[in-house]
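Input: a single structure, listed below in structure tokens.
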Amino acid sequence: MLDHLKINRKFPTSGDSTFSNLITSRLFVYGKLEKRLVGWFGRRPRRLLVRHSPSHSETPRPLCRVIAINVEHHMLPQLSLSRNVFELSANSNLKCKRAKWYVTSPVISARRLSPQEKRGDMNTLRRLRNLWIPCVTTIVLGCFSDAVAQVRYHVEDLGTLHDGFFGCTMGVNNHGWTETQYGLLDASGKLEKGRVAINVDGFTFPLPTLGGPNNWDNPFGGEINDRGEAVGYSETSVLDPDGEDVCGFGTHLTCSAFLWRNGQMSALPTLGGNNGQASAMNNRGQITGFAENGIVDSSCPSNTTNNRIALPVLWEDGKARALPTVGSDPDGEANAINDQGQTVGYSGTCTTALHPVLWEKNGTAFPLPDLGTGGFAFGINNQGQIVGDVASTDGTTFYAALWQNGALKNLKTLPEDFAAIASGINDKGQVVGSTLDASFNWSNAFIWQDGVMTSLKTLFPASSNLYPTMANQINERGQIVGMATVLSGPHTGETHAFLATPVDERMDKSVADVATTQPKLPANVGRQVLRKLGRGRFEQ
């Protein structure tokens, strides 16, 4: 009876020790369904018409949609309905396409029917005709229901590290493991403590430092690859001889880019200076960021604390290689790298990002088109699509940007907001980022797909109790990470890290329905999260 049920889900392979398959036998699933359906419909015999409809969700659990039609056995004596199934298909926007009718094998005998059998069959057909109208009505209503349903997200609150810490998740790999920065602000809102942690299946593991009290990661960086390797930057125990404070905690300790691999923290070399920071890494182990060369930067104002030239850098096999800047630009930073070795970032001066840049595998720098006023590139997928932001033509704001095939697409911002940054993109072309209000406070996290920018507050269920204000990265499963404000309860107003996983289910109420006014972030949280969005921008 259930031989048309097919399970066609993607699960982690046997090599993924953290996970295990949730389905081991199709017979096991059949047995469970039959037992449940007997309970649903009582002990009277019914026919179950079933076909699996794959969910768009990549959540590792068995999902199937079942349409059970209440058909008495005596209504189907010789018809082929026992081998027929309905399938309702939905596109990525959950709009119903059509109901398909499958006939797999006839079971009506070829013998000539007696007059009594003919009358019985005609009675059956009349009953089926009476049944058909409510069945079709049910299917149409089901289609309509799916059409108005919208993909929502299951949201995991990654919380804070200790009392008073705020959390913001910067990176996520394709297993759903995340890299999160947790910070503690003083009364004025200045970042005084920070720690990077790895979150795996509900467990949080703070990473060690390189001798100093704090570590951190770069805006939209904090990459963790599919092997569980992570990068960022850490204070050492040595005071900076030039008085710089590149890590930004007010300690003036030297700041070193780090690689965390196999449970070990190691420092990455500079280009001759005292400081460096790592932003991202790919699955081949290539790492990007910036490193100082020790030379005083003549483009810095005289009162600048961090006044050494910082160059975009690629670390490979433990060695640092400087990437070229554009023209005569003294400074730059490499923010992201894909598995092909293509790198993106910016080139500019001590205080201004003049050019969003793509570095090809051979190291050649190509400035990306902008609106004539500069910009940043923050993410690149394996298809070569790049995201970031570009400044408006009048220089008063900036907009989310997408570059593909050498052309700029201005994604602009949400209608209620003033500025936007696109920070992450997966191989499906789904873009995530953040919008800011007219006072440049973090306002909304967004996803951009199929040409439409949507605020995540409309896709987070009200039960999540989190108002998303920043989205940083998205993986190939569609999982999104960022930060959000707690709406109610004992942690009201706190800034928590989150991991959002798409689920193909209906949502009664969203965060947008229950939070009619936008919550305010604690003082300067946004400024501290993006303390160094390019050299000079958001500087203290």
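Heavy-atom basis, side chains included; hydrogens, waters and symmetry copies ignored. Remember, it's a predicted structure, so these values are computed and weren't measured experimentally.
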Nearest 0.5 Å, please: how far is [atom2] in [Y] from [atom1] in [X]?
X    : Y    : atom1 : atom2 : value
S299 : D331 : OG    : CG    : 5.0 Å
I198 : W177 : CD1   : CH2   : 10.0 Å
T469 : W442 : OG1   : CH2   : 8.5 Å
H355 : F376 : NE2   : CZ    : 12.5 Å

Residue pairs passing the salt bridge (Lys or Arg N to Asp or Glu O under 4.0 Å) test with at least one member in residues 452-474, sequence neighbours excluded, are E416-K457
Would you check if there is a donor-acceptor pair between the side chains of [Y] and [X] at a distance under 3.5 Å?
X    : Y    : value
N218 : E333 : yes
S347 : D329 : yes
E292 : N275 : yes
T169 : T180 : yes
S443 : D417 : yes

Check [X] against [Y] and note the closest heavy-atom contact, atom names and distance.
X    : Y    : answer
Y467 : A515 : CD1-CB, 3.8 Å
N335 : A280 : O-CB, 3.4 Å
A401 : A422 : O-CB, 3.8 Å
Q479 : T501 : NE2-OG1, 2.9 Å

Check residues 154-161 and write down every donor-acceptor pair under 3.5 Å in which the side-chain atom is one partner and the other belongs to a residue at least two apart or another chain.
residue	atom	partner	partner atom	Å
D157	OD1	G159	N	2.7
D157	OD1	H496	ND1	3.0
D157	OD2	H496	ND1	3.0

side-chain contact (heavy atoms from CB on, under 4.5 Å) test vs T343 passes for just one of N338, L358, T288, namely T288
The residue among T178, V200, D226 that forms side-chain contact (heavy atoms from CB on, under 4.5 Å) with N173 is D226
Next on the checklist: For K412 and M453: C-alpha separation, side-chain torsions, deciding distance, then whether side-chain contact (heavy atoms from CB on, under 4.5 Å) applies.
Outcome noted: CA-CA 9 Å; K412 299 186 179 179; M453 182 182 290; 5.9 Å; no
For [X], does the [atom1] atom sit with more than 12 other heavy atoms under 6.0 Å from it, leaving out its own atoms?
X    : atom1 : result
F165 : CZ    : yes
D394 : CG    : yes
N405 : CG    : no

What is the ring orientation for F249 with W216, classed by angle as parallel under 30°, tilted 30 to 60°, or perpendicular over 60°? perpendicular
The residue among N282, N283, N225 that forms side chain to side chain donor-acceptor pair (under 3.5 Å) with D339 is N283
* To do: Output, in order, the C-alpha distance, side-chain angles, deciding distance and verdict of side-chain hydrogen bond (donor to acceptor under 3.5 Å, both in side chains) for N382 and D427.
  => CA-CA 6 Å; N382 289 322; D427 288 349; 3.3 Å; yes
